[in-house]
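Chain letters run A, B, ... following the sequence lines, proteins first and then strands; every chain starts at 1. Both backbone and side-chain heavy atoms feed into the values below; hydrogens, waters and symmetry mates do not. Being a predicted model, the structure only gives us computed values, none of them experimental.
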Amino acid sequence: MDSRRPHEWNVTPQEAIRLQQELRARLMARDEGPTSFRTVAAMDVSYDKRSPWLFAAIVVVRLPGFQPVETATVQARARFPYVPGLLSFREAPAGLEAWGRLRTRPDCLICDGHGYAHPRRFGLASHFGVWVDLPTIGFAKTVLVGRFEPPGMRQGSMTDLVDAGEVIGAAVRTRGGAGPVFVSVGHRISLPTAVATILACAAGYRIPEPVRQAHALVNRLRKAGAEPASTGTQIG
DNA sequence: GCGACAG
DNA sequence: ATCTTGTCGC
């Protein structure tokens, strides 16, 4: 259980796949504590195709109400290309740097990317969760693998996301009339709790509030561009 | 060989 | 991910 630094990030795509197959053994797809969280964080990464820079942000909010608790951001060089199925090797390093700047320890973290709903059942949310040993939730706007029947049009409706005969996540209607989002287990959480948390964060928009805030913050940072390598903010 | 393919 | 005007609907 060398939870300190499980592996290097400077790897080839082949090695990355190998690491996912190896690390997925550490994934805990069940609740190990409270199933209702007081503070929920969201992590998001933004970048420009033409630039070598990645911008990552983590926003921590308190439930209910989504009052901001703390934010952390970083600007880091991209060291890995975007390869479907290997997203964590591109975005997690920057996210972990932001994580390191956070003083707060949120009860749970929503990642902008799938967790268990992944070809090897070890997407970004699972990888990040295993690395920082925190309950994490996989959240995505589109499917990577799996099939689903459209959930009912009302908010809160959901259907199974299935792959190879296994339920790997859920298609959830976070906003009536809007397209569904896809929720999966990241780490140390059950699918029902992951879905309930996402719905608890649905504030009238398709995108959960913490994710919206992280997205807005990281885009704000990227548009401001420039070289201020990193920033952090404690609120309260 | 032909699509599909988180962000 | 990001580039973007208009446009349909509540």
Can you tell me how far [atom2] of [N] sits from [atom1] of [X], to the nearest Å?
X	N	atom1	atom2	value
A:Met43	B:dA6	CE	C1'	12 Å
A:Phe89	B:dC5	CZ	P	22 Å
A:Leu124	B:dG7	CG	P	10 Å
A:Arg147	B:dG3	CZ	C1'	14 Å
A:Gln20	B:dA6	CD	P	14 Å
A:Phe80	C:dA1	CZ	P	19 Å
A:Leu87	B:dA6	CG	P	9 Å
A:Arg222	C:dT2	CZ	P	5 Å

Query - Output field: ring centroids A:Phe182/A:Phe148 closer than 6.0 Å - result: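 Yes; A:Phe148 has its ring centre under 6.0 Å from that of A:Phe182.
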Short side-chain N/O contact to [N] OP1/OP2 from [X], under 4.0 Å:
X	N	result
A:Arg50	C:dC3	no
A:His215	C:dA1	yes
A:Asn219	C:dA1	no
A:Thr142	B:dG7	yes
A:Ser46	C:dT2	yes

Query raised in the report: Would A:Val40 and A:Val60 count as a side chain to side chain contact (heavy atoms under 4.5 Å, CB included) if you check the C-alpha gap in whole Å, the side-chain angles of each, and the deciding distance to 0.1 Å?
Result: CA-CA 6 Å; A:Val40 176; A:Val60 185; over 6 Å; no
Query raised in the report: Any idea which of C:dA1, B:dC5, C:dT2 is nearest the A:Lys141 side chain?
Result: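 Selected nucleotide: C:dA1.
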Report task. Kindly confirm whether the side-chain ring of A:Tyr82 is stacked on the base of C:dA1, judged by centres under 5.5 Å and planes under 30°. Result ->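 No, aromatic ring not over the base.
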Regarding [X], tell me which of base, sugar-phosphate or nothing describes its non-hydrogen contacts under 4.0 Å with the strands shown.
X	result
A:Val143	sugar-phosphate
A:Leu86	base
A:Gly85	base

Report task. Answer with yes or no whether the side chains of A:Arg120 and A:Gln21 bring together a donor and an acceptor at under 3.5 Å. Result ->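 A:Arg120 and A:Gln21 do not have a side-chain donor-acceptor pair below 3.5 Å.
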Query raised in the report: Just by distance, with hydrogens left out, do A:Tyr116 and A:Glu166 show a side-chain donor and acceptor under 3.5 Å apart?
Result: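 A:Tyr116 vs A:Glu166: donor-acceptor pair found between side chains.
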Query - A:Arg26 charged N/C atom sitting above A:Phe122 aromatic ring, 6.0 Å / 45° - result: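 So A:Arg26 doesn't make the cation-pi contact.
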